[in-house]
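Here is how names work: the chains are called A, B, and so on, in the same order as the sequence lines, proteins then strands, and each is numbered from 1.
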Amino acid sequence: MIDQIIFYTLAFIIVAMSLMVILARNAVRSALYLISALLGFAALYIRLQAELLAGVQILVYVGGIMVLFLFVIMLVSVRTMEHQARQTRQWKAAVVIALGVAAELIYLIVRGGSIFVTKQPPDALLTKSQNTQVVGEALYSTYLLPFEIASVLLLVAMIGAVVLAKKKI
Amino acid sequence: MNILVNYVVIPLVKIVVIVAILSGGIAYLTLMERKVIARLQHRLGPMRVGWHGILQPIADGLKFIIKEDIIPIKADRFVFTIAPGISLVPAFIVFSVIPFGPPDSLWGTGGYVTDVNIALLFAVAVSSVGVLGVILGGWASNSKYPLLGALRSSAQMVSYEVAMGFGIIGVLLVANSLSLVEIVEKQRSMGVWFFFVQPIAFLIYYFCGMAETNRLPFDLPEAETELVGGFHTEYSGFRFSLFFIAEYANMITVSSLAVTLFFGGWLRPFSSVAALSFLDIIPPPLWFVIKVLIFLYIFIWVRGTLPRFRFDQLMRIGWKVFLPVAMANVMVTGAILLKFL
Amino acid sequence: MLVSYVPIIIFLVVAISLPVVGLAAGRLLRPFNPFKEKLMPYECGVDPEGDARERYSVRYYIIAILFVVFDVETIFLFPWAVLYRKLALFGFIEMLIFILILMVGYIYIWKKGALEWV
Amino acid sequence: MEHDIFGAIDEKTVLDANQVVINMGPQHPSTHGVLRVKLTLDGERVIDTDCIIGYLHRGTEKIVENRPYAAGVPYFDRTDYVAAVSNNLGYVECVEKMLGVEVPPRVQYIRTMMTEFQRIASHLLWLGTHALDIGAMTVFLYAFREREEILKLFEALFGARLTIHAFRIGGLWQDLPVGFLDACRRFSDTIGEHINEYEGLLTNNRIWLERTRDIGVISAQDAIDLGLTGPVLRGSGVNYDVRKARPYSAYADFDFDIPLGVHGDTYDRYLVRIEEMRQSNRIIQQCITRMPTGPIRAKAPRVIKPPVGEYYHSVEGPKGELGYYIVSEGKTSPYRVRIRPPTFINLQALKKLVKGHLVADVVAIIGTLDIVLGEIDR
């Protein structure tokens, strides 16, 4: 019962904040709403007992990527964006995609939980101070290759940033 | 019912006490800073309000509240209003995971508000949110000096956060836990403070901490002789005081984490030596406070001694000195630990 | 344990209420007397020239991207360090490869001068 | 219609920052008064500077032209208001030169000694504010502690601390008070240690070196071309000091060295000024030991009416060559008075020195020029 209340409260906050992100006219305010939505996700992760993920969410998304976003907003000068028309030519494509997603969601809601495979998390996850270890074990044994590939991805990001940002340096 | 008492009522009492101590501590930290710096400079410091200026922080606080609160006409009022809050709130809630005493202290409720699994990650993550307040505050002012200051300080804070994170990994390799309580317990069971195991990690952590909190010699964001006041130039009255409180709260956070990670938290010196058990007269939370005070003193001492870096030099130190050293420290520690496994 | 996060929520509420209460209480006490000159942005006593929200140096953006990259790298190190005793040599080599790959990028950006604030 | 945010802007400007014009001053903590510098910035790099002066203009020269000669002295307390004694010396000696009056040796020694005290005081103020601009706040208070001692000496002899009306045409207001030379000796014995103390905090400090070395470099030739004088010139290695080049007052009697820099950067100028304080102290010590006795006033006419002509006399002020150009028509007040203010001319170098440096360096460079706006704006 309490579980459900927590979930629906968080879900409401996340959805509301996400809506505000796209409705706010000012890019910095959008960023603010996005921060709130991301924090809501972190709380959701904690509810799912994925504590490490919650910490990572705050550290990387709220403390890292949002800083990047704000820098970018300052870099491209907000004023030019505020005065732009909201509808662009892409609106037809956007409607099609939105309808597709909506159809998918409605289908899932109608069919209900039965189509999802639900599993109780392993006991190790639930006991105290095990979450990090479990994630670590999975990451550094089962998912070793993706982990190493992640480093290549980060490498590309690093080099790409420098190449994109300034060709002459 | 038991859960309600254990996880709501008792923590609430502790939170109120901690917030009260913290607020008072921050107020008196400003007095301590002024007094210590005055000593370093052969002056007396505040002397007028109360005996040796003992009531000065209260007078300052009152002044903040009754000062006019000016919002510049071109500012974004909404963002301008909440930015100091974004700075302040993370600085405070970090203290919910910092252990001030052993788990059996305070009548068995534990010398901390809560002991979560990922306490260290939580502390690092939450303090990384504070930088948003700085950027938003500078941006919302819509004025050149604050904006320059905000960009500078956020670039500085994120740069040093990286090296700081790597410094902490060194400790984690030894401690093998993200729980701050367990990290301290580990130092007790190993009989040695992690400072002696990880001195380089400590130095990196502490210097980065100075940079994170915008203190001299890394106080460029607020460099009053260059950027007037940095990101909070346009702030006045109570809103300004929120930024100010956040900075001092962060100083205390950095010192507290330094003590917890490297100097045995609430443990007395040489906790494994029975011959020194008379030191137990001082209760663990007090040991914690004493250690934190020492680090706060060093913060102030450094401020009274050194000039400040220039921005490019500061970034160079962060990225080209601290970061590689911290990375090397992690790998070397890992290699050495292999011998002991 | 989930319930151990409840105190953090309580702390959050208390921490948010502090500035809110302070600001609200201050509103009753502080004067309010704005006029045009007082509300102008500060620019050393002269009228500001142009707008503050110009575009600023791209370097800040590079720093932010590098920060995110290294931040993610640290995140990978957290569970690794916690689990290090179990992973032992295997873990060490694993992380060595991981860090060496990133080192390539680090040396690249160093050589390219992206860490230099020119 | 496309609405790509980069649409209308070509690639170069998307990625490069706009040039931002930012005002530093007149109300800025480290422009040393009311100097206004308009900086054009690319990011944090300074592309161009523009000095706007005149916020403190009072028309001192014009006022003095409408006063009797003797009444002009106090107005020159207020040009370089942190080095009033040097200003007074220049003006008083210029008028004495016009009248052809020779002042007694005791007067010359006292004047020399007090001027050197003033040089130390002015350099201390420079050191304190310069260090404060770069963030070393303790040096500021240390320097002011010693400056305070000098101001106490001034108060004992002249009756005031800052705007002191130090000298009279033809002599002094009063002789040295009882015990004054002992007080001078006490100060002179300790100042060396104090200077070591400042140097201990700064000279070999890594951060200080990083902040001052190779910052604001000016070559000897450029310095001469711009007409720079004082420590700013000597920091570039040009040996020009009015005290040696055209000795005035009693300077010919004393042994002292002129410290010279090599690189012409902020650090060298710092070293030059620090060493100048030591040399000034040497002069003071020689003054104290060789202080002659005798009258403190020359026979000067009661009503000062210098003969018709143009006169120029310059002294080495703490900040450079301080010259007075006075035209007399044989009346009780001068026809034209013009000061050659060292900092006004030294400030010209700012544009050249700052170009290509960062915002933080602007502050260090303004500090190293040791400007006083009272003198620049007059």
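Using a 4.5 Å heavy-atom cutoff, the side chains of B:Ser159 and C:Ile63 are in contact. No side-chain heavy atom of C:Tyr84 sits less than 4.5 Å from a side-chain heavy atom of B:Thr333. Taking the side chain as every heavy atom from C-beta outward, C:Phe11 and B:Leu12 never approach each other to under 4.5 Å. Here the side chains of B:Phe92 and C:Leu12 are not in contact, with every heavy-atom distance at 4.5 Å or above. Side chains of B:Glu161 and C:Phe70 form no contact here, defined as non-hydrogen atoms less than 4.5 Å apart. Proximity of C:Leu29 to B:Leu62: side-chain heavy atoms (C-beta onward) are nowhere separated by under 4.5 Å. Between B:Pro324 and C:Tyr106 the shortest side-chain heavy-atom distance falls below 4.5 Å.
Within the 4.5 angstrom heavy-atom criterion, only side-chain atoms of B:Ile18, from C-beta onward, approach chain C. Heavy atoms of B:Ala91 lying under 4.5 Å from chain C are absent altogether. The parts of C:Leu66 that come within reach of chain B are both its backbone and its side chain, each placing non-hydrogen atoms under 4.5 angstrom from that chain. In this structure, chain C has heavy atoms under 4.5 Å from both the backbone and the side chain of B:Phe166.
Contact count against chain C (heavy-atom pairs under 4.5 Å) is highest for B:Ile73 among B:Val126, B:Ile118, B:Ile73. Contacts with chain B were tallied for C:Val68, C:Leu23, C:Asp71; C:Leu23 has the most, counting heavy-atom pairs under 4.5 Å. The greatest number of non-hydrogen atom pairs below 4.5 Å with chain C, out of B:Ile168, B:Val97, B:Leu323, is found for B:Leu323. Chain B forms the most heavy-atom pairs under 4.5 Å with one residue out of C:Leu18, C:Leu83, C:Ile9, and that residue is C:Leu18. With chain B as the partner, the residue from C:Pro34, C:Gly22, C:Ala25 showing the most heavy-atom pairs under 4.5 Å is C:Gly22. The candidate with the highest count of non-hydrogen atom pairs below 4.5 Å against chain C, out of B:Asp69, B:Thr81, B:Ile10, B:Val19, is B:Asp69.
Summarising the geometry of B:Leu242 relative to C:Pro19, their closest heavy-atom pair is CD1-CB, 3.7 Å, with the distance given to 0.1 Å. Between C:Ala15 and B:Ile93, the shortest heavy-atom distance links the atoms CB-CG2, 3.9 Å. For the pair B:Ile15 and C:Pro7, the tightest heavy-atom approach, listed with the atom from each and the gap, is CD1-O, 3.5 Å. For the pair C:Pro31 and B:Glu68, the tightest heavy-atom approach, listed with the atom from each and the gap, is O-CG, 3.4 Å.
Side-chain N or O atoms of B:Asn176 include one that pairs as donor or acceptor with a backbone N or O of C:Ala81 at under 3.5 Å. Between the side chain of C:Arg85 and the main chain of B:Val174, a donor-acceptor pair closer than 3.5 Å is present.
Remark: B:Ile169 CD1 to C:Ile75 CD1 distance equals 8.0 Å, nearest 0.5 Å. Taking CG of B:Leu173 as the reference point, atom CH2 of C:Trp80 lies at 4.5 Å (rounded to 0.5 Å). Annotation: the span from B:Met327 atom CE to C:Met103 atom CE amounts to 4.0 Å, rounded to 0.5 Å. We find the CD1-CG distance between B:Ile66 and C:Leu28 to be 13.5 Å, quoted to the nearest 0.5 Å.
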- Would C:Phe67 and B:Trp319 satisfy ring-ring contact (aromatic ring centres under 6.0 Å, His included), going step by step from the backbone distance to the final call? CA-CA 10 Å; C:Phe67 159 64; B:Trp319 285 100; 8.2 Å; no
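No more than 12 heavy atoms of other residues, nucleotides or ligands lie within 6.0 Å of NZ in B:Lys67, so this atom counts as exposed by the packing criterion. The environment of NZ in B:Lys320 is crowded: more than 12 heavy-atom neighbours from other residues, nucleotides or ligands sit within 6.0 Å.
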